[in-house]
Each structure stands twice: as C-alpha cells, then as structure tokens.
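Below, chain A is the first sequence line, B the second, and so on; all start at residue 1. No hydrogens, no waters, no symmetry mates; every other heavy atom, side chains included, goes into these values.
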Amino acid sequence: MKLKKKLWLTGMTALLSFSLIACQSNETAKVDESGSGKDSGEKQTLHVAALESAYGKDMWTKVIDAYEAANPNVDVELTVDKNLEDVISPNMKAGNYPDVVLLATGRKLALTETLIKDQALEDITDVLDMNVYGEDVKVKDKLVPGFTDTLATNPYNDGKMYLSPMFYSPTGLFYNAGLLKEKGWELPKTWDEMWALGDQAKAEGISLFTYPTTGYFDAFMYSLLLEAGGPDFYNKAMTYEDGIWESPEATQVFEIIGKLAKYTAPTTVANANDKDYTKNQQLILDNKALFMPNGTWVVGEMGEAPRADGFEWGMTALPAIEDNGARYAFTFFEQLWIPSAAKNKQTAKEFITYVYSDEAAGIFAESGAIQPIEGISEKLSGDSKLFYSIYDSGAKAGMGGFAATEAVEGVSMADTLFGTIDSIVSGDKKVKDWQKSVEKVSDQMRAALK
Amino acid sequence: MNKKKEKRIFIFICTAPALILFAIFMIVPTVEVFRMSLYKWGGFTNEKVFVGLNNFKILWNDMNFFRSLQNSIVLIVIVTLITMVIAILFATLLTREKLKGNSFFRVIFYIPNILSIVVIAGIFSAVYDPTTGLLNNMLALFNLENLQKMWLGDQKIAIYSIGGALVWQAIGYYMVMYMSSIASIPESFYEASALEGAGRVRQFFSITLPLIWNNIRTTLTFFIISTINLSFLLVQAMTGGGPDGSTEVFLSYMYKQAYTNSSYGYGMAIGVVIFLFSFLLSAIISHITKREVLEY
C-alpha cells in the first residue's frame, strides 16, 4: 500500500516536472528550428534594426528591397519601430543581437550610450577603406570630410570609428521669417543685436526666446561653446578637461544663457516636458515668441499645427559673440553601428557600405533623410534646401558630443548642463551655482573617461 | 496516521504548481534584484563588476535620490490623507444619507479609476496649462488672478500638482471600498443610537469609523503601494521628472539611473531601498493602527 502510494507520488512529481520542462524545451526547439531553417539555405540572414523617425518607415523597406535585389546572397530581416529599444532590448538580453542598428545617441533609454560605455560596439574603422557596395569608390572618399572624426563616431577619442554617420540635420534657431519681415526687424548677427531685438519685441508683447525642452539645448550649448572658444576649446570641454567649465570662455557661455533666460517666454518651463513641448513650439507659430533652438524635423512635426497669417519658417545660425565673430550651426546626425555580439559582422559591414551608395542615398533623400555624402545637398528642394544651405551663408558646422565615459552612478552631465536651465529660467538657481556644479560633474566624469 | 500523511501529500501536490511558479516569478526575481544591486553593470553585456555595497554608499551621498525620496514621501502622505478623508466622507454620505442621484454620483466618482493613467496625465496637463488651462481660467473668472500659477512649471508646487491628479483618480476606488463596509453595518446600531439622541456626527465617529477600522487599515497599505506605483507612471507621462528634477519620485529616479544613465546595478540598489522602504512603512503603519477587531 505504502509502496503504491510512493510510486504514485513519484509518478506525479515526474509528470509535473516533465510538463514544466516540456514547456521550456518546446520554446527552445522552436527557436532552433527557425534559426536552422534560415541557415539551411545558401543565403545569409542579416538582421537590420532601424529607428522609425520623422522620415518614416517606407524608405527602409525600399532600401532593403533594393539591397536584396543587388545582393541576392543576403536575406535581410528588417525591424523598424518608433520604440526600437523596447523591441530589440529583450532579444539582446537573451543574446540575439541585430547585426546592424540605426539608433542615435541622446535617446531617453540611452541604449546606444549604454553599449558605448560597455565597449560593446564593433570597431568599424575598416569600413571607411572598403568600396561602396556595387560602386568603385571608397566609403571615406564619398563621405563629407569631418563627419568621421568626431566624438559622435569615435566615442573613445582614439581615432577608431565605432559609429557610422547617417542622416544629418543642421540645427539652429528657428523663427517666423514672415513676422520679422512684417515688423521690419533685422535678423540679429551678434548677441548684442539679439538683446536689442529682445527689448523691441518685448514692447510689442512678444518674447525673444523659448525652447521645447531643455534637451534641445545640447546643440545650442555646443554651438555657443564653439563660438566662444573655437574647436580646440570645444574638444577640451567635451573631453572634460580640468577647469574648462570655469574658464573665461565658458563663463561667457553661461552668462549668455543666463541673460537669455530673462528673455524667455514665461510659460516655457511649465510646458518644457516630453508631453507638452509642442505648446512651446506653438509659441513661434503664434508669434508669441521669436526664436527657439530646434532641428529641421520641427517643420514636419508642426506640419498640421495652426499658425499666424504669413507664417514662413526661417532658420539661422546662433548670433556671434563679437562683431564679425564666428557663427555656428550645430549638425546633429544619427548613427549606424554593429554590436560586438552580432553574428554576421562582415555582411553587416558590407551593408553599411551599401547605405552610402547612390541608389540607397537617393531612396533616403526622397523621404528627406540626408546622409553626409558629397554633393547630396544639391539635389534638395523647398524648405530642406533652405535649411541645408545654412552653411553656404557663412555659418560653421559643429559636430560631436561628450566623450564616452564609464557610467557614473547618480551623475549625469546632460541633467546638470541642460536640465538646470529650467531652474535658471524660473529663477530657482543662480548662473554661478550652475557653472560650479557643471565643473564638479566634469571632474567626476573625467575620472571615468575610457 | 496514514490518512494524515496522505492528506499532506495531496495538499503538497495540489499546491506545488503554484509554489513553483511563485518561486520562479516572484522570489527569484526579487533575490536577483538584491544580487544585482551589488554589481556595476550597464544591463546588456556580460561585463559585470562586483562592487559589494559600493552602490549603496554612492546612494547615501546622492542628493538627487534624497530629493526623489522626499517627493515620494510627500506624495504618499498628502495623497493618503486627502483621499482617505474625502473618500470616507463621500462613502458615508452616499450610503447613510438618502440623496437624490445616489447611484449617479457613485458612477461619476468611480470613472477616474477606469481611465488609464496616461489619459489622466493628458487631462491634468490640460487643466494645469498656464494660459488655456481650466484651473487658471477658473481663478480668473473669480477675480483671483494673484492665485494663478505655473502649476507644472513652478518647482515649489509642481509635486503638489501631481498629487492633485493622484487624489482625483484615487477617490472613487477607495470610496467604493469604504461604502461596501459601511453598508454591512447593521441598521439597528444607528436606530438604537438615534433613540439615545446621537446626532449624525456622533454616529459617524462612534459607530461607522470603529466598525470600518479594519477596512481602513487594509486600504492604508494599498495607499502606500499604489501611490508609489502610480506616481511613477504619472510623473513619466506628465512631467518626466521636470522641471529640473523637481517632480522626480524614487521609481522614476531608479528608472533614469538604470536606463538613461546606464547604471543598471545602481538602479537595482535604488530598487532594494524602495523595496525595504515600502515594506517597512507598511509594517509600521499596520502595527500602529492595530486595534481590537469589533464584531457585530
């Protein structure tokens, strides 16, 4: 009797654990099947993951189709999503990495930054010396010079490229050109002229300045740093050189922003969050504020929004600090990279060369996505032509961002350098204290430099 | 003897699947959080560095964390107090008094609870809008312009604005909970006390409140847990922790550190502190509100 029960018990336990294991093994079996199914053919499978940004999804489908037609040996599995991190991260944690990823730095979930900090990106310097797929020209000869030696492509500042520059867009101050024309106001060329215009506008009940969120100050601040101290100074700031944020040049930058805060539209801070930032952008369309820092995407973003009569987008580089001083318009670009854990690195590199081909660049450009390829801006039309021609009218281009460091717990340069501006505008913090805390964070980051 | 054993085995087998699942999906992840808080890790690669209690040491000196902790405590206290008072008041009115449109109000009060927190964030963003918002325009209507505020822009009041939205969405849920226990109090108690000359206020404090005390205790734990969770969702959807971190609550700070700042291990250390905090707070509150359960 006892034995029978024992047997029964063991049987039940075995059955139970078996069913649990069965669930598990079923899953793995499925994965294996699909994996081997693809490998069984001659074809290689390349997994491409791209962020769906303002340019839309279609251009990626078209480029992939064109690539598969050009290179029949490769089968591309494409993932395009607005929340790309949420889609690929779980798979990455499980060890299934995409082979090529288009995802820029500066996103909230900071996936790209995390991989840079963990040194989990593949060195793709050799792509520059490879021929563009299907063409007889090297990648480096096709790219506009300057794009591949910035901290945004070589995050460790060691001459090695880990991220390839993709769609770029000039940033600057956006305004209503129609309003300026109507009022007979001149576009300010220096900050002094800017303040004068601010007082003029104030008399008419218009604020000089607004910003969508403090995050938009990155390009603004970088341009201002370049104006104040030139490229060398800028690079020192980006690599956290000791005392750089307390230098006279940096002080000038902090003070300009401190003064600008006084000219900022009063409702800006209340709406400067990811939910309500379009209300700040609307201030420009409604002629309630004159300038805001932004990128070319804002035209599409506010495409459906109501606007004042005679509204016309305008974009200008930052005013110069001195008369005839240098004026900068920062260039923001998205990045393409290969995770070190990718399976088909060689094919992935080949694909990267392909995206710079005339064929691919043409498809991207149709959707308004412009790559840093020589001569491409000549093909533009409309608003885009105006925006991309900003450098023809004498503005200099700035590029890159902070050098990569190890993660420093509880310390964020972006929060301190940009986020604090909300407090400067609302009067909760003083410019001096802001400057001090930026230098302190810079000290902490320097210790963690890669 | 044999029968007892048989029974035990039967119970064991019946509960085993649940226990196994509980262990895999609740206990193991919780232990994992504690374990990962001892590492410096970005969250993706295998590059984990054991740092012992270093994450907690950094946390001890992280003023931003303390600000978020302070914000969370402020929210827990004000949301609990205000919601509880209003919910009990409405529950008493709707059950004890014969009001017209009784069930209509019940539905109205409960509606916010059905809405998703993102919708609530949308509604309150519109209410708090400095120029077109309901709140500032109402104040203007009553000639109270000097009370107009940048509800989400002023760092001193932004966290209370978040609290306002949380109270609004919570009242209905707790009201229904209190109503059900008030309704189960025998009518005879009230009749007897009325004969003795007790007024409505006296009845409330001497009959209603003591008899729903156990229910209130339970909801206090709910208040702590749900305020911690919902404040995170609301802050994410409404202000993103801004302006300049003034509405950061500790879960949103943890999220920021674990992802945006690539410090997953540090984020887990914050998680451990939150876990212990909410556990302890619930235990303390449960202990100090302990009364003899009145039976009726």
Identify which part of [X] has an atom lying under 4.5 Å from any heavy atom of chain B, answering side chain, backbone, both or neither.
X	value
A:Val411	backbone
A:Leu115	side chain
A:Ser89	both
A:Asp274	neither
A:Lys108	both
A:Ser426	side chain
A:Tyr277	neither
A:Glu406	side chain

- Message: Quick check: under 4.5 Å, non-hydrogen atoms only, which of residues 33-40 of chain B neighbour chain A?
- Response: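 Under the 4.5 Å heavy-atom cut-off, B:Lys40 qualify.
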- Message: Quick check: under 4.5 Å, non-hydrogen atoms only, which of residues 118-133 of chain B neighbour chain A?
- Response: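 Interface residues of residues 118-133 of chain B: B:Ala121, B:Gly122, B:Ser125, B:Asp129, B:Pro130, B:Thr131.
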- Message: At a heavy-atom distance under 4.5 Å, which candidate from A:Glu113, A:Lys279, A:Met92, A:Glu85 has the highest pair count against chain B?
- Response: A:Lys279
- Item | When B:Leu59, B:Asp62, B:Asn61 are compared by non-hydrogen pairs under 4.5 Å with chain A, the top option | B:Asp62
- Query: So do B:Lys156 and A:Asp428 actually touch side chain to side chain, heavy atoms under 4.5 Å?
  - Reply: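 Sidechains of B:Lys156 and A:Asp428: in contact.
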- Close side-chain approach of B:Lys256 and A:Asp415, heavy atoms under 4.5 Å: yes
Within 6.0 angstrom of [X] [atom1], more than 12 heavy atoms from elsewhere:
X	atom1	answer
B:Phe279	CZ	no
A:Lys436	NZ	no
A:Lys345	NZ	yes

Mind checking the [atom1]-[atom2] spacing from [X] to [Y]? Nearest 0.5 Å is all I need.
X	Y	atom1	atom2	result
A:Asp422	B:Ser246	CG	OG	8.0 Å
A:Asn273	B:Thr239	CG	OG1	6.5 Å
B:Trp41	A:Asp118	CH2	CG	9.5 Å
B:Gln155	A:Lys429	CD	NZ	7.0 Å
B:Asp244	A:Trp434	CG	CH2	10.5 Å

- Task: Go through the atoms of B:Phe44 and report whether side chain, backbone, both or neither lie under 4.5 Å from a heavy atom of chain A.
- Result: both
- Item | chain A contact via B:Asn55 - which portion, at a heavy-atom distance below 4.5 Å |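 Just its side chain gets close to chain A.
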- Can you spot which of A:Val269, A:Thr267, A:Asn271 makes a side-chain contact (heavy atoms from CB on, under 4.5 Å) with B:Met150? A:Thr267
- Message: If you compare all heavy atoms of B:Ser263 against all heavy atoms of A:Ala407, which two are closest, and at what distance to 0.1 Å?
- Response: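 The pair with the smallest heavy-atom distance is OG-CB, 3.8 Å.
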- Query: Does B:Asn261 use its side chain to pair, donor to acceptor, with the backbone of A:Val408 at less than 3.5 Å?
  - Reply: yes
- Item | A:Glu409 side-chain N/O to B:Tyr266 backbone N/O, donor-acceptor pair under 3.5 Å | no
